[in-house]
Amino acid sequence: MSSQTKNVSAVMTFSIGEEKFAFPIEAVRLLELALPITPISGSSDQVLGLSNLRGQIITIVDLGHIYYGSSDSELGKNLIVLKPTSVILQEEMFDLSEKITANDELMALHVTKIEKIIDVSESMWSSIPSHIEKKQASYLMGVVRSNGILYSVFNPTSIINFCNNI
Amino acid sequence: MSNQNENQAISKMRNSLHNIEAINEKLNLLSLNALIQAADAGDAGRAFAVVAQQMQELSTKTAESSATMSKDIEDTAEELARTELQAKGTRFSDLAHNTIELIDRNLYERTADARWWATDSDLVTACMKSDDSALTSKASERIGVILRNYTVYCDIVLVDTDGKIISNGGGRFNNLGEDVGNEEWFIEAMQTRNGTEYHVQDVHSSPFIDNNLTVAYSTAVREGGETSGKVVGALCVFFDWDQAVSIVKNVSFDRRDRARTRTVYFSNKGQVIAANDDIGVLTEDISELGCIQTALQGKKGFTEEELDGEPYLVAYASTPGYETYEGLGWGCAIFYSIND
């Protein structure tokens with residue numbers, strides 16, 4: 001379990017395929033319905049393309065592809081728009097890589113379906129189960145249990161670092 | 001309300017519900033975004049968070065109501081589909097009954113024709129003096145007149161006691177002089193006990209009418225045309241089986257049902273003897289189907305059967321016979337593809 005979990009007050013839950021995940025809302029700018037995507041030639045497989053969000057160009061990344069290493073043939077219906085790195089660095093909530101330069105670019109994660117926001121307390125956290133592969137575990141900060149459901153919580157640091165390096 | 005209107009009403013309800021769900025999805029995202037903004041604003045956003053929370057509760061309740069409504073709609077749609085299928089099954093089994101009755105009535109008349117024409121004086125005389133070509137020609141002319149007025153026959157043949165065709169309808173089939181001594185219909189006709197009896201040979205391909213399919217009705221020709229007269233020959237009428245095929249091809253379905261329906265006549269052994277798609281005639285055996293077995297027991301009804309992995313509604317009826325004609329134990333089956 002990452003030491004950064006103490007900075008997480010609530011997580012936004014969603015699904016990728018049939019699996020339940022969560023993302024700390026401290027790193028989330030807003031949520032959107034899926035937008036039309038313009039593919040970018042030569043980009044990595046995880047990048048689905050660019051979208052126009054009310055006049056602002058955002059890069060759409062397939063979160064399932066990052067986590068599972070391959071894409072689901074059926075794209076989801078929701079987007080999680082992340083805060084720009086400039087804001088995250090300023091808020092100092094998460095330890096972004098020093099190599100990352102602060103910028104105002106917006107990036108969105110494509111997921112199957114956004115569900116709800118859950119307030120989290122320290123007692124709800126548990127460690128990442130050992131059966132999860134090392135590479136996948138590197139994208140998570142822990143697991144949150146709520147109403148009997150386990151949510152694997154993505155580590156914003158890992159995801160933003162990954163996105164800034166692709 | 002007609003079935004089509006019911007389906008349209010269900011479709012409209014589904015569309016409306018879909019719109020509600022789409023709007024609620026946006027409401028849910030809106031409330032979640034409000035919660036995110038409230039969290040970002042810290043203490044200043046606390047009151048806003050309460051409103052956002054209530055919005056989300058509303059969205060959740062709407063989603064629950066939509067799910068209940070969706071289930072209700074699908075249950076209703078399923079119930080309607082079942083009722084429609086039941087109504088269709090009843091209608092189709094009535095159609096199957098009418099279709100088989102239609103051929104039975106037609107064939108009843110053929111039994112009457114054979115027995116009546118076997119007493120025709122020209123035909124009787126030709127049989128009694130079968131060596132007289134003038135008399136056999138006259139009989140052929142007489143048969144020709146009959147054939148021109150009765151289009152349900154391929155041919156009518158007069159046979160002497162040795163089994164040689166001495167007269168026919170003239171022209172269409174070259175069967176004069178043919179030996180039919182070993183044919184079932186001839187042997188059985190010669191064994192009839194009196195002029196009220198006849199024999200019917202089930203659907204077969206006959207070499208005497210260019211291998212066309214036919215049902216052959218035959219009876220003995222008796223001296224003087226008397227019911228108990230001495231047998232002097234035989235008469236056989238070859239029913240044109242295309243007439244039966246025409247009936248199964250013209251069952252009164254509406255356009256949509258017709259495209260999803262196959263209609264067949266089957267024999268008392270469960271073999272297809274006519275089909276609206278002309279497939280499997282005298283080669284396809286459907287006796288293994290439970291519903292065909294039921295039909296062969298003289299019952300009428302409908303059931304659902306899986307054929308080649310696809311669900312079908314199968315309506316069936318067996319021959320009721322007509323007047324003195326008991327029929328040949330045939331049945332009619334209507335296969336309706338349940339899936340579009």
Side-chain angles (χ1 to χ4, degrees), chain A residues 6-15 21-35 51 53-54 56 58 75-84 86-94 106 108-121 146-147 149 151 154 156, chain B residues 10-75 77 309 339-340:
Chain A
K6 64 179 184 301
N7 290 330
V8 178
S9 63
V11 293
M12 191 247 337
T13 67
F14 58 92
S15 56
F21 293 94
F23 208 89
I25 64 165
E26 283 78 5
V28 177
R29 161 64 64 89
L30 76 153
L31 311 171
E32 280 290 333
L33 290 173
L35 298 165
S51 288
L53 177 64
R54 291 183 280 280
Q56 194 166 1
I58 58 172
L75 275 179
K77 56 199 319 193
N78 290 131
L79 294 175
I80 302 168
V81 183
L82 303 181
K83 287 178 178 174
S86 59
V87 175
I88 292 178
L89 285 169
Q90 193 183 344
E91 291 176 348
E92 297 180 340
M93 302 285 284
F94 302 102
L106 285 182
L109 307 174
H110 213 296
V111 298
T112 305
K113 189 171 180 359
I114 287 168
E115 292 173 355
K116 58 188 172 184
I117 289 174
I118 302 170
D119 289 330
V120 291
S121 60
S146 172
N147 290 328
I149 300 172
Y151 298 93
F154 278 102
Chain B
I10 291 285
S11 182
K12 276 183 184 174
M13 279 193 267
R14 282 194 186 115
N15 284 340
S16 299
L17 187 63
H18 182 72
N19 288 339
I20 291 171
E21 285 169 345
I23 291 167
N24 191 48
E25 203 171 340
K26 287 179 182 171
L27 177 66
N28 185 42
L29 277 188
L30 196 62
S31 67
L32 291 174
N33 278 327
L35 278 172
I36 291 167
Q37 296 304 317
D40 257 358
D43 285 344
R46 204 170 294 280
F48 188 49
V50 174
V51 178
Q53 195 67 48
Q54 286 177 346
M55 276 171 66
Q56 194 172 29
E57 282 169 18
L58 282 176
S59 170
T60 304
K61 282 181 181 169
T62 307
E64 286 168 1
S65 296
S66 295
T68 305
M69 205 185 296
S70 174
K71 187 176 179 309
D72 287 347
I73 290 173
E74 294 315 315
D75 285 351
N339 290 342
D340 278 332

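- Inter-residue side-chain proximity for B:Ile36 and A:Leu30 is flagged as unmet; no heavy-atom pair is nearer than 4.5 Å.
- For the atom pair CG (B:Leu29) and CG (A:Leu31), the distance works out to 6.0 Å, reported to the nearest 0.5 Å.
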Interchain donor-acceptor contacts below 3.5 Å (chain A, chain B):
{"from": "A:Arg29", "atom 1": "O", "to": "B:Gln37", "atom 2": "NE2", "distance (Å)": "3.2"}
{"from": "A:Leu31", "atom 1": "N", "to": "B:Asn33", "atom 2": "OD1", "distance (Å)": "2.5"}
{"from": "A:Leu31", "atom 1": "O", "to": "B:Asn33", "atom 2": "ND2", "distance (Å)": "2.8"}
{"from": "A:Lys83", "atom 1": "NZ", "to": "B:Asp40", "atom 2": "OD1", "distance (Å)": "2.7"}
{"from": "A:Lys83", "atom 1": "NZ", "to": "B:Asp40", "atom 2": "OD2", "distance (Å)": "3.3"}
{"from": "A:Glu115", "atom 1": "O", "to": "B:Asn28", "atom 2": "ND2", "distance (Å)": "3.4"}

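- Every residue two or more places apart in sequence or in another chain was checked for a ring-ring contact (aromatic ring centres under 6.0 Å, His included) with A:Tyr151, and none qualifies.
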